[in-house]
There are 2 protein chains.
Amino acid sequence: MQNEHTEVYDTLKKYIARHIQLTEEEERYFVSLLRITMVKKKQCIVQPDFICRYRSYVFSGSMRAYLIDSNAQEHTIAFAIDDWWITDYTSYIFQQPATLFVEALEETVLVQLDYNAEQLLMETVPKFERFFRIITQRSFAFLQQRMLSNLSMTAEQRYELFMNKYPQISQRVPQYALASYLGMSTEYLSKLRNNRISKKS
Amino acid sequence: MQNEHTEVYDTLKKYIARHIQLTEEEERYFVSLLRITMVKKKQCIVQPDFICRYRSYVFSGSMRAYLIDSNAQEHTIAFAIDDWWITDYTSYIFQQPATLFVEALEETVLVQLDYNAEQLLMETVPKFERFFRIITQRSFAFLQQRMLSNLSMTAEQRYELFMNKYPQISQRVPQYALASYLGMSTEYLSKLRNNRISKKS
DNA sequence: TAAATTTCCTAAACCAGTTCATTTTTATGG
DNA sequence: CCATAAAAATGAACTGGTTTAGGAAATTTA
């Protein structure tokens with residue numbers, strides 16, 4: 001058990017080291033604030049109306065964050081596989097009730113950081129201000145690109161783009177989840193998959 | 001002239017003070033890194049293929065950032081009026097060639113921070129790591145909400161939402177810019193404006 | 001203040017993508 | 001290993017929103 005945890009923490013530490021350099025003491029302190037959580041397929045770690053207390057790093061497995069709208073339709077705002085963070089971001093940073101579900105798509109191992117621990121961490125080790133700034137900036141740039149794709153491309157182009165950029169993800173997530181991420185119906189995605197749309201080639 | 005600049009810097013300093021507390025010396029240092037730029041209507045401060053060197057704070061006037069796609073269609077990714085920052089974010093943070101235009105919608109006064117100056121600022125005054133973390137987190141949460149709106153709402157609902165949330169902006173920007181922000185054609189926006197769509201009321 | 005240009009409005013034809021209904025395939029737990 | 005549920009495929013009918021094409025209003029410029 002301890003061995004397994006060591007491996008998980010080491011992976012996260014390596015991820016952190018890509019952005020900031022910590023002393024051994026700082027690393028130990030950081031790790032002391034974390035907790036490891038295993039979630040089964042379909043289990044939710046965040047639900048609407050509850051305040052989201054954790055930011056979760058995916059060590060293995062995969063997760064998705066989605067909204068259920070007033071017509072009972074699902075809309076996926078994010079996937080997370082290894083080395084990505086996931087949470088209901090709005091709920092987490094403002095500590096207000098969530099609107100999203102965050103659910104495991106398969107058996108998943110997470111490393112979770114509590115909101116209060118995160119605040120404390122940034123005060124105690126200011127380098128983490130930098131760390132969270134950098135990863136948030138990257139997430140923002142990523143999301144802006146996605147927004148632009150959704151504004152400027154057709155469903156088919158969005159599908160092609162996703163397949164090129166994230167072939168791994170497309171194989172691991174259910175098709176209805178991918179459709180709701182790309183902003184199209186499952187039926188239409190199915191047609192695209194079996195390219196019964198444009199007979200260009 | 002000096003008076004005018006003082007007013008501009010004071011507004012920005014007040015904005016900064018909402019998130020971090022600076023000493024007078026830090027404030028002076030910060031201000032020394034800034035420059036004020038006036039832009040005329042339709043003038044672009046960022047263009048595709050050029051690296052975006054500045055982050056711009058809007059003191060007065062209004063700006064928008066947009067993409068021109070392969071069909072020569074415009075897609076607005078952001079507006080900025082007083083107290084907002086604007087830039088081609090991806091180009092700025094990665095210092096890579098821009099893909100967007102950032103254009104003045106009216107005569108506008110900007111305060112600009114150079115990329116290298118920003119890096120230096122964060123090293124010299126680490127509080128700014130915190131400042132940029134916080135504003136980036138808020139921008140991210142905002143963009144995620146917008147992404148969810150675009151995935152889950154109809155054109156009409158998006159229009160209504162925007163009008164409720166940003167009545168000031170809708171009056172100041174041209175209709176084609178708003179349509180391209182909301183992800184619909186100008187013709188359809190025009191129909192919605194004169195509500196010739198749903199005869200519910 | 002007239003001319004030029006840009007923005008805005010209108011309406012009919014059209015189409016990308018949805019909805020609905022049904023079938024086939026794949027997962028899953030007991 | 002079967003039973004049953006969940007996910008994916010398919011096709012026909014439909015619709016929200018676009019396209020195209022025009023003309024009216026407003027803004028800019030000379």
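Source: prediction; values computed, not measured.
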Handout entry: A/Arg158 side chain, from C-beta outward: closest of C/dG17, D/dG16, C/dT28
Key = C/dG17
Handout entry: Shortest side-chain distance from A/Ser185, nucleotide among D/dT18, D/dG17, C/dT19
Key = C/dT19
Practice task
Show your reasoning for whether salt bridge (Lys or Arg N to Asp or Glu O under 4.0 Å) applies to A/Lys14 and A/Asp83.
Solution key: CA-CA 10 Å; A/Lys14 250 178 246 159; A/Asp83 246 25; over 6 Å; no
Practice task
Please work out if A/Thr154 contacts a base, only the sugar-phosphate, or nothing of the nucleic acid, heavy-atom cut-off 4.0 Å.
Solution key: sugar-phosphate
Exercise for the section: Assign B/Gln157 to base, sugar-phosphate, or nothing according to its heavy-atom contacts below 4.0 angstrom with the strands shown. Expected result: nothing
Problem - 5'-most by nearest nucleotide on DNA chain D - A/Val173 or B/Gly183 - result: A/Val173
Exercise for the section: Measure the acute angle between the ring planes of B/Tyr166 and B/Phe162, then classify it against the limits of 30° and 60° as parallel, tilted or perpendicular. Expected result: tilted
Handout entry: B/Phe132 and B/Phe128 aromatic ring geometry - parallel, tilted or perpendicular at 30°/60° bounds
Key = tilted
Problem - Within 45° cone of B/Tyr181 ring axis and under 6.0 Å: B/Arg146 NZ or CZ - result: yes
Problem - Geometric cation-pi criterion A/Arg138 and B/Phe94, 6.0 Å radius, 45° cone - result: no
Practice task
With the side chain counted from C-beta on, respond yes when A/Leu12 and A/Phe30 share a heavy-atom pair under 4.5 Å apart, and no when they do not.
Solution key: yes
Practice task
Using whole Å, report how far CD of A/Glu187 lies from C1' of D/dA13.
Solution key: 13 Å
Handout entry: First of B/Lys42 and B/Thr186 reached from the 5' end of DNA chain C, by closest nucleotide
Key = B/Lys42
Handout entry: Global bending angle along the helix from C/dT1-D/dA30 to C/dG30-D/dC1, which compares the axes of five pairs at either end, to 10 degrees
Key = 60°
